[in-house]
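Working notes, beginning with the structure itself.
None of these values were measured; they are calculated from a predicted model.
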Amino acid sequence: MDLEHKCEGRKERLQLPAPGHRAALEAGRSTSWEDGGWGAWDEAELQEPEEEESNSKNQRNYWLQDCVLSLSPTNDLMVIANEQKAVFLVPKWKHSDKGKEEMQYAVGWSGSLNVEEGECVSSVLCIPLASQKRSSTGRPDWTCIVVGFTSGYVRFYTESGVLLLAQLLNEDPVLQLKCRTYEIPRHPGVTEQNEELSILYPAAIVTIDGFSLFQSLRACRNQVARAAASGNENVQPPPLAYKKWGLQDVDTIVDHASIGIMTLCPFDQMKTASNIGGYNAAIKNSPPAMSQYVTVGANPFTGFFFALEGSSQPLLSHVALAVASKLTSALFNAASGWLGWKSKHEEEPVQKQKPKVEPATPLAVRFGLPDSRRHGERICLSPCNTLAAVTDEFGRVILLDVTRGLAVRMWKGYRDAEVGWIQTVEDLQERETEKMDSSPFGNAQGPSRVAQFLVIYAPRRGILEVWSTQQGPRVGAFNVGKYCRLLYPGYKIMGLNNVTSQGWQPQTYQICLVDPVSGSVKTVHVPFHLALSDKKSERAKDMHLVKKLNALLKAKTSDPDLIEAEAKELILDIKYPATKKQALESILTSERVPLSSLTNITQTLMDNLKKQELECVDEGLLQFCANKLKLLHLYELVSKLNSQSIQKETPPSDNDLAKLLHLEEKDFHRLETLLENYKKENTPTAAQLTDEKDDVLSVKMFLEYLEYEKDVITVKNMEDGEYVALGSFFFWKCLCGESSTEEMCHALESAGFSPQTLLSLLLNLWLSKEKDILDKPDSVSCLHSMLSLLSKMKVAIDESWDTQSVSPWWQQMRTACVQSENNAAALLSAHVGHSVTAQIIDSVTEKKFSQIIVGSDTESWEALSLDTEYWKLLLKQLEDCLILQTLLHSKVTKRTKRVSSLQTEPLGRLSVKKLLEAGKGGIADTVAKWVFKQGFSPIILNVAQYKNNTDSTEESVEMHNNIFLQEPETATGLERILELLQVAYQQFPCSLEVDVLHAHCSWECVVQWNKDPEEACFLNRSIDHLKCIINAHIQHGIALMMWNTFIVKRLSSATYLMDKVGKAPKDRLCRRDVGMSDAAMTAFLGCCSELLQTLLEADVSSDEMQAPVLDTEDAWVSVEGPVSIVELALEQKRIHYPLVEHQFVLCTVLYAIMRLSLKGVKPLSLFDSKGKNAFFKDLTSIQLLPSGDMDPNMLSIRQQFLLKVVSAAVQTLCSSQKDKEVSEEEYFPFEKGKNWPTLAADLAQYLQISEDLVRRHYVCELYSYGMDHLGEEAFLQVADKEVLASQLLILAGQRLAFALLHGQIKEGMELLTRLPPTLCTWLKAMDPQEVQNVEVPIATTAKLVSKVIEHLPENHGQYSLALNLIEAVEAIPD
């Protein structure tokens, strides 16, 4: 048998009926066992599962029946053994086929366990051992596997299959292993039981003391670890104490149960003494303690044995540890017979001697159940040690009372049954306090009760049953299949005592079922109340009625009257108030019961309660009914008001609205314009586009949202959407002018709503319905009237409120507007709030003045108050926020080119609260994020800033086509964006000052580039923004912060990489060391040079200008939050100019190497040790830099590098001009007018190399590549033209030599003979291969020679040669 292949499984749970649930919950392939009515439990018979098609399938599924099986009580190890083989399984979290994570058993160890020849595994136990650490949380330290063999050996293993101990206690086969662990006694009179391991042989029983076993196993396991680590360290474990009893007067024994130590009561003591010793038997004063054992088998069917404590001294088995001299692993060799750490592959060279077996102490059977024809099969002791279940060959299950030795119950028809127990403890919180004397519970105080349930698995029928003991009914049953195994360990964790077990909460199961067909392990859970369930149990009957009610509510019955009638009958039949409440809640949460039926059912229950006597009525239930009834009446009233259509008033005109909001005509039109712009740019989200029936709210949801307590209705904590739904149910019709505002407010106030709750609901609705509100201008007047009505309610505005204090009522409304991200709705509600506040203040002021001054003209007076000032401030803030939000919503037309994912992330919506918490730079930071997302060029910010009229704007746009990062914008969209930007600039003259905005844009771009360094255009754009900053102090600070935060670390990595490889590194190396591709790294190095150059320029310019004074708009003075980026920039220290210059040289060198793909160049070799040490240091620090004359060798290296740069640049220029006619400036766009040769000449100055040398080389290279027209321009920049002329003379000679000697001219040899001998010899010495492009027209070469003669003095050594050369060239025909 391949055990490993079969041993896969997962864990499930069988759930028996709990209060308020179905009678049985399905698990795996289980089916519900109860479909009948009340009283059908005993009569219900389960359907037999269908017979399998073939015997081969039966054999395949029966494999588990042939195995020895054990599962640790802590569910962390399962052992399956068959003959010599065994598999240890451990649970692991894995993904199931359905994609869910579940616990599955996986093979942890597998192999053969037999040591003696022919021995097989006969019994297995998995015993978890407690941890001795104080910090342990209840999980076992490790699990020991105890295996009994047919040879009589008992061996102990670790989870990984390492043999710890072996013991031969008897030479007969081991029949059964059982364990008992410590349990805290439930009552003071119960004897505390010791831990023990009991081993059953055919005619003997051995019990090993648990404490002794625990210590020995720990010591042996530690010794294994030491031996594995160091080899030869020996420690003497403590001896094992065990007792061995020879069971007499019994024919056969197949199973046993160790009951533990018991003490007889005086009557039983005298009865026993009389039976044994007769009439004259002596009686001891104290009853003796005895260990009781019960066996099952034949003659007697069950035998009861009692071993007096002290009648036999415990045997000490000394565990000796030694290391054999000729073996590499440690072995146990002791005369006592304990052997360990020995695999079957390690055979001893000498014949092994069998250990000595101690003789057993005889123990006669005291009494039994004599039944000569009945043969017992299994015995299972209950957790309380008072009952035991025994199975026999006749298919009976017999319940024994082990204390009295009597059979108290028998079940028939359970052939091959397996049994186990479940002990359930009552939860005191579920015990109800009943006032009635007839209550089945009595007092709720006192200890928790414990119930015992017997679990029987009948494999022949494939049924798992749960019975209440002793005489209780069957409380549950499941169809589980015919090939399962029921596992009942009967023990928990070994190694605990009355002290250590106090704080432990071990997660152990009591019983489980292993199903090999589905590959699952199922546990059984039984609620405590089922112990009380018989046909007279009112609690169980109530639960049955609740189930029936739930089934009624789920049934597909369309007649509501029928449902109402049956529900009334069921709820009145329920006895317990708590269950009545549960049933009523089920009805109220049902969506299928109409409102009228809900009201009638609740009213009927309430009337029924009122008819009962006062002392019998549960006040809580009565109050619950009353509260729900009031809420139902309120729902009915609001629904009625919403359904009543009233005549709509004429929509107010603009003048009416302006007067209503206390606004002048100019201000009102400005408000209209702002809202219109906002509507154009604000595209509705998907959530806003969904078509919802806002005024419909189900009764179920209404009751869930509200609570009625002490005549006050409160709203529960809900999600925003639910809050809006409730507000919409109350107020949306009113806001649309379709329902009476006065009647609704009066109804809600009468029902018990506080004005503050209603205001909160109203504002949440208003602020969430922004799109609908902007389409309905008349909703503003409806909000005004509703707010006026709410403000006039009692306790809305405190009576003590005056103009010099802030009213909490208005503060609540302002807080809602401040937090709202729907700025248009918030602005409108703030205008309405300001208007209503002004009205109330005017009325209060008029009263005061009418009392003081009679007949005076007060109409021209304006009443001032603190609340009014707060409203004005909020209106300004909301207006600013609305303008900013409108700008952020504006977008460019869809761009077709690739856009980075960083630019497609949506911007969050704004609120006044967010801006107040964003710090002084929050507004500019928000706009900077928008600029980045749109991909604008920095120039557009300046165009909007300096926009005076339409013409100049068009000219500016024409001048700068590249407005965007990817592509130009159309004129129409650009005009719109420029207008919105200009409005924002006017609204925020301080926060959006052009330097501040550019600083934030620059920072935002570099932050985004840091997230994705492949997007080099972001870094380039950041530098562009940086260059647009006018104030050098801000520019200096931002540049320095960018360098320190984002640049220097990557630049350092790039430098050391390039120095290591000695050339421009490949893409793979760049990604590995610097985190970007080679192309991105090239652009990055160029940006570094630009950044440092900008920093140097800013440092110089900062001496000529003052640092800016940062200011804030009046409305935003109270902002709090992080320090703005501009403030941080102004706090930066001044840089050390020479150090930055030194770093700039390195960046330019690196950029040249990457840009021109130079080879054989180590950038750091161009600098001495001082120069190398100064790199990447803080730019504000003073470092030791190179000074004085440099080493000639280093100067030579620098010169070679610069000449390489020039050569590579000219070569690149030449190849590009061949491919496509482009100008020099177009090929070097990044340098903006600078070319590489010019840059190399500038570098020469820093590197102490002659600039003229570099320029001369540049001219020579241009002529060498045949680009004489560029060479003539570059010639003018050379200072020492004489040296250059002599260099070009050689180049001209090489060209002519190629023309004459290599067949460019047909008459070449003939012309050569005419030349002067000196010239002819000189030409023959020329090597034309040194010239890159020799195919140059003779006329062009003649022009070059003329230029040489022009700049060579007559006394020059090569002047005459040049004259001869010009004559030769002129003689050659074109």
Side-chain angles (χ1 to χ4, degrees), residues 638 641-642 646 648-663 667-668 671-672 674-675 678-679 694-695 723-749 753 755-793 796-797 807 809-840 867-868 871 874-875 878-879 882:
V638 173
L641 290 174
N642 282 335
I646 62 168
K648 281 194 174 185
E649 297 178 4
T650 309
S653 64
D654 287 356
N655 288 334
D656 295 338
L657 279 176
K659 287 180 182 177
L660 190 68
L661 299 178
H662 287 62
L663 289 175
D667 294 333
F668 183 76
L671 176 63
E672 275 190 321
L674 290 176
L675 293 175
Y678 179 79
K679 274 176 68 177
D694 297 307
D695 56 337
Y723 211 77
V724 170
L726 184 60
S728 177
F729 178 64
F730 288 146
F731 299 122
W732 185 241
K733 290 279 188 182
C734 300
L735 288 177
C736 296
E738 299 171 7
S739 183
S740 170
T741 307
E742 292 83 358
E743 289 182 16
M744 183 64 73
C745 288
H746 177 70
L748 295 175
E749 184 183 14
F753 276 103
Q756 286 77 11
T757 303
L758 295 176
L759 178 63
S760 179
L761 288 168
L762 176 63
L763 290 176
N764 269 280
L765 170 66
W766 177 269
L767 295 173
S768 66
K769 298 284 185 183
E770 184 179 74
K771 184 176 179 296
D772 301 311
I773 287 162
L774 292 177
D775 293 335
K776 297 178 181 176
D778 55 329
S779 61
V780 176
S781 59
C782 295
L783 177 66
H784 189 281
S785 59
M786 184 163 288
L787 190 58
S788 300
L789 287 168
L790 292 179
S791 303
K792 291 173 185 175
M793 285 185 183
I797 299 176
S807 168
W809 173 258
W810 299 121
Q811 188 58 40
Q812 178 188 351
M813 188 172 180
R814 283 193 293 270
T815 302
C817 293
V818 163
Q819 293 174 346
S820 174
E821 294 179 357
N822 295 314
N823 299 288
L827 181 60
L828 283 172
S829 62
H831 273 292
V832 172
H834 176 233
S835 171
V836 175
T837 307
Q839 278 185 1
I840 295 174
D867 269 310
T868 311
W871 277 121
L874 178 61
L875 287 170
L878 285 168
E879 187 179 301
L882 182 71

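- Looking only at atom types and distance, the side chain of S760 has a donor-acceptor partner in the side chain of Y723 under 3.5 Å away.
- For the atom pair CZ of F731 and NZ of K769, the computed distance is 14.0 Å after rounding to the nearest 0.5 Å.
- At a cut-off of 3.5 Å, with distance as the only test, a side-chain donor of D656 or S653 sits close to an acceptor on the other residue.
- Contact between L641 and A747 at its shortest, heavy atoms only, is CD1-CB, 4.1 Å.
- The line from CG of L674 to CG of N823 is 11.5 Å long, rounded to the nearest 0.5 Å.
- Here the side chains of N655 and F668 are not in contact, with every heavy-atom distance at 4.5 Å or above.
- Using a 4.5 Å heavy-atom cutoff, the side chains of L726 and N764 are not in contact.
- Contacts classified as salt bridge (Lys or Arg N to Asp or Glu O under 4.0 Å) and involving residues 811-836 (residues at least two apart or in different chains) are given here: R814-D867, E821-K914.
- No more than 12 heavy atoms of other residues, nucleotides or ligands shown are found within 6.0 angstrom of NZ on K792.
- From L748, atom CG reaches atom OG1 of T757 across 10.5 Å, with rounding to the nearest 0.5 Å.
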>> Checking D667 against L661 for the side-chain contact (heavy atoms from CB on, under 4.5 Å) test, could you report, in this order, the C-alpha distance in whole Å, the side-chain angles of both residues, the deciding distance, and whether it holds?
In response: CA-CA 10 Å; D667 294 333; L661 299 178; over 6 Å; no

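- For the salt bridge (Lys or Arg N to Asp or Glu O under 4.0 Å) condition, the pairs that include at least one residue of residues 734-747, sequence neighbours left out, are K648-E738, K733-E738.
- Under the rule for a side chain to side chain contact (heavy atoms under 4.5 Å, CB included), the partners of L767 that lie at least two apart in sequence or sit in another chain are A816, S820, A825, A826, S829.
- Nearest heavy-atom pair, C817 versus L874, reported as atom, atom and distance to 0.1 Å: CB-CD2, 4.0 Å.
- Between M793 and P755, the shortest heavy-atom distance links the atoms CB-CG, 3.8 Å.
- Side-chain contact between L828 and L675: present, with at least one pair of heavy atoms (C-beta onward) separated by less than 4.5 Å.
- Between Q756 and Q812, the shortest heavy-atom distance links the atoms O-NE2, 3.0 Å.
- Once rounded to the nearest 0.5 Å, the distance linking NE2 of H831 with CG of L660 reads 12.0 Å.
- The side chain to side chain contact (heavy atoms under 4.5 Å, CB included) with W810 is formed by just one residue from the set T815, T868, V836, L759; it is V836.
- Summarising the geometry, atom OG belonging to S728 is positioned 11.5 Å from atom CG belonging to L762; distances are rounded to the nearest 0.5 Å.
- Here the CG-CD1 distance, from L783 to I773, works out to 7.5 Å after rounding to the nearest 0.5 Å.
- Between L787 and M813, the closest heavy-atom pair is CD2-CE, 3.4 Å.
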> Is there a side-chain contact (heavy atoms from CB on, under 4.5 Å) between L765 and F730 once you walk through the steps?
Replying inline: CA-CA 10 Å; L765 170 66; F730 288 146; over 6 Å; no

> Where do W766 and N822 land on the side-chain contact (heavy atoms from CB on, under 4.5 Å) test, with the steps shown first?
Replying inline: CA-CA 10 Å; W766 177 269; N822 295 314; over 6 Å; no

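- Annotation for M744 and S739: closest pair CE-OG, 4.5 Å, computed over non-hydrogen atoms.
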